Asks: 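Quick one: the structure is below, questions incoming.
Keep in mind that what you see is a predicted model, and the values were worked out from it rather than measured.
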2 protein chains.
Amino acid sequence: MTSSLPRDMFDRACPSRVMPFQIGDKWTAMVVLCLEHGPRRFSELRVPLRTVTAKVLAETLRAMQRDGLVVRDAYDENPPRVEYSLTPLGRSLLTLIEAARAWCAENMADLLAARAAHESRRDGPRPGGG
Amino acid sequence: MTSSLPRDMFDRACPSRVMPFQIGDKWTAMVVLCLEHGPRRFSELRVPLRTVTAKVLAETLRAMQRDGLVVRDAYDENPPRVEYSLTPLGRSLLTLIEAARAWCAENMADLLAARAAHESRRDGPRPGGG
DNA sequence: CGGTATCCTGCTAGATACTG
DNA sequence: CAGTATCTAGCAGGATACCG
């Protein structure tokens, strides 16, 4: 297990920014999902999270360490190796993420429909002309 | 029912910004909670949400209308009266908010403890001196 | 009362270059 | 590989003034 993470992991998972909620910072929930099945290296995380810069990912991981959501293990090898993994506390967020996904599965279509209806009202209502 | 909203509604509810997740924009979840038991007027919402400016509250409510989470009803009276209420879609967010609260009840203490431990490590580790 | 318009600022996050 | 340092741009959100 813990085979390498798919590049399109979050292309499928979230029509991302339309979700009406967010766990922690922008990337926190996705990091949790990436670590769900075992420890991952820094550059391994950058594969599915491919639009995140090293700086921002490092900041995200530091914040998550501070909050006790992940632990960082550095091995004194060459080339250097660092692994991040979920703590029990971080793992507990998975239930919340599951709830969020369930909400999406049930209600996202309605939200998107409402948004589309709003758009068409804005662009071309024309009650008698179209 | 729908008596006026308490000023300290969110002082108690959330040690706000420490929650490791957020529903929608900064104020969305709180607006949903405010509307849980019935329609509310604009200025009524500003009581518990007292640090939000009119501009930002108006923007939040417009975004929520766009997404079909709330409806806006304007009555042609003097003085003017406008009421906001939850749609079924908006109401469906309550289950998610409940899940978030449950997580907090169970895990917030751990998160805060981790953060405090991190702080003391940063300020004065002094392994042999204190 | 229920907003809008305008200006301004702080913070987030991107690009780029560099280090152990 | 796994980051850090520095600079900068964009935008959310605050203050203030004004409108129907």
Asks: Output all residues satisfying salt bridge (charged side-chain N to carboxylate O under 4.0 Å, His left out) with B/Glu98, sequence neighbours left out; order by chain, then residue number.
Replies: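 For B/Glu98, the residues satisfying salt bridge (charged side-chain N to carboxylate O under 4.0 Å, His left out) (neighbours in sequence not counted) are B/Arg101.
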Asks: Going by the rule side chain to side chain donor-acceptor pair (under 3.5 Å), which residues pair with A/Glu83 if we only count those two or more places apart in sequence or in a different chain?
Replies: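 Expected list: A/Arg81.
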Asks: Test of understanding: with side chain to side chain donor-acceptor pair (under 3.5 Å), list the residues that count as partners of B/Arg91, not counting sequence neighbours.
Replies: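 Once residues adjacent in sequence are excluded, B/Arg91 has no partner under the side chain to side chain donor-acceptor pair (under 3.5 Å) criterion.
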Asks: A/Glu44 has an atom CD; how far is it from atom C1' of D/dA2, in whole Å?
Replies: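 Rounded to whole Å, this separation is 13 Å.
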Asks: What integer distance in Å separates A/Leu61:CG from D/dG3:P?
Replies: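 In whole Å, D/dG3 P and A/Leu61 CG are 8 Å from each other.
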Asks: Return the minimal non-hydrogen interatomic distance between A/Ala117 and A/Ser120, and the atom names on each side.
Replies: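 Taking every non-hydrogen atom into account, O-OG, 2.9 Å.
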Asks: Round to the nearest Å and state the distance from A/Tyr84 atom OH to D/dG3 atom C1'.
Replies: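 Value for this atom pair: 8 Å.
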Asks: What dot-bracket string describes DNA chain D from 5' to 3', counting Watson-Crick and G-U wobble pairs whose defining distances are under 3.5 Å, with [ ] for crossing pairs and | for pairs to another strand?
Replies: ||||||||||||||||||||
Asks: What residues form a side chain to side chain contact (heavy atoms under 4.5 Å, CB included) with A/Thr60, not counting sequence neighbours?
Replies: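 For A/Thr60 the side chain to side chain contact (heavy atoms under 4.5 Å, CB included) partners, ignoring immediate neighbours, are A/Trp27, A/Thr28, A/Val31, A/Val56, A/Met64.
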Asks: Could you write out each protein N or O paired with an N or O of nucleotides 8-11 of chain D at a distance under 3.5 Å?
Replies:
none

Asks: Which protein N or O atoms sit under 3.5 Å from an N or O of nucleotides 13-20 of chain C?
Replies:
from: C/dA13; atom 1: N7; to: A/Lys55; atom 2: NZ; distance (Å): 3.1
from: C/dG14; atom 1: N7; to: A/Lys55; atom 2: NZ; distance (Å): 3.4
from: C/dG14; atom 1: O6; to: A/Lys55; atom 2: NZ; distance (Å): 2.3

Asks: Please report the distance, rounded to the nearest Å, between CD in A/Glu77 and P in D/dG3.
Replies: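 Rounded to the whole Å, the gap is 14 Å.
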Asks: Residues two or more places apart in sequence or in another chain: which of them pass side chain to side chain donor-acceptor pair (under 3.5 Å) with A/Thr87?
Replies: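 Applying side chain to side chain donor-acceptor pair (under 3.5 Å) to A/Thr87 gives none.
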Asks: Rounding to an integer number of Å, can you tell me how far B/Asp76 CG sits from C/dG2 P?
Replies: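 It is 13 Å, rounded to the nearest whole Å.
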Asks: Are B/Arg41 and C/dG2 close enough that a side-chain N or O sits under 4.0 Å from OP1 or OP2?
Replies: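 So the side chain of B/Arg41 is within the cut-off, an N or O lying under 4.0 Å from OP1 or OP2 of C/dG2.
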Asks: Could you check whether A/Tyr75 gets within reach of a base, just the sugar-phosphate, or nothing at all, counting any heavy atom under 4.0 Å?
Replies: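 Nothing, no nucleic acid heavy atom in range.
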Asks: Sequence neighbours excluded, which residues qualify as side chain to side chain contact (heavy atoms under 4.5 Å, CB included) partners of A/Asp76?
Replies: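 Side chain to side chain contact (heavy atoms under 4.5 Å, CB included) check on A/Asp76 returns nothing, list empty.
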Asks: Which residues pass the salt bridge (charged side-chain N to carboxylate O under 4.0 Å, His left out) test with B/Glu36, not counting sequence neighbours?
Replies: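 Per chain and number, B/Glu36 pairs via salt bridge (charged side-chain N to carboxylate O under 4.0 Å, His left out) with no residue.
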Asks: Could you walk me through whether B/Leu49 and B/Cys34 pass side-chain contact (heavy atoms from CB on, under 4.5 Å), step by step?
Replies: CA-CA 9 Å; B/Leu49 272 29; B/Cys34 287; 4.0 Å; yes
Asks: Between D/dG3, C/dG2, C/dT4, which one does the side chain of A/Ala54 approach most closely?
Replies: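 Among D/dG3, C/dG2, C/dT4, the one nearest the side chain of A/Ala54 is D/dG3.
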Asks: Give a yes-or-no answer on whether the side chains of B/Trp103 and A/Ser92 include a donor-acceptor pair shorter than 3.5 Å.
Replies: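 Side-chain D/A pair, B/Trp103 to A/Ser92: present.
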Asks: In whole angstroms, how far is the P atom of D/dA2 from the CG atom of A/Leu57?
Replies: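 The answer, rounded to whole Å, is 11 Å.
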Asks: Once you round it to whole Å, what is the distance between P of C/dT4 and CZ of B/Phe42?
Replies: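 Rounded to the whole Å, the gap is 8 Å.
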Asks: Output all residues satisfying side chain to side chain contact (heavy atoms under 4.5 Å, CB included) with A/Ala58, sequence neighbours left out; order by chain, then residue number.
Replies: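 If we apply the side chain to side chain contact (heavy atoms under 4.5 Å, CB included) test to A/Ala58, skipping adjacent residues, the hits are A/Phe42, A/Arg62.
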Asks: Over all strands shown, is B/Arg46 touching base, sugar-phosphate only, or nothing at heavy-atom distances under 4.0 angstrom?
Replies: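 Nothing, no nucleic acid heavy atom in range.
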Asks: Starting at CG of B/Asp73 and ending at P of C/dG3, how long is that distance when rounded to a whole Å?
Replies: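 Computing the B/Asp73:CG to C/dG3:P distance gives 12 Å.
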Asks: Tell me every residue that passes side chain to side chain contact (heavy atoms under 4.5 Å, CB included) with B/Ala114, counting only those two or more places apart in sequence or in another chain.
Replies: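 None.
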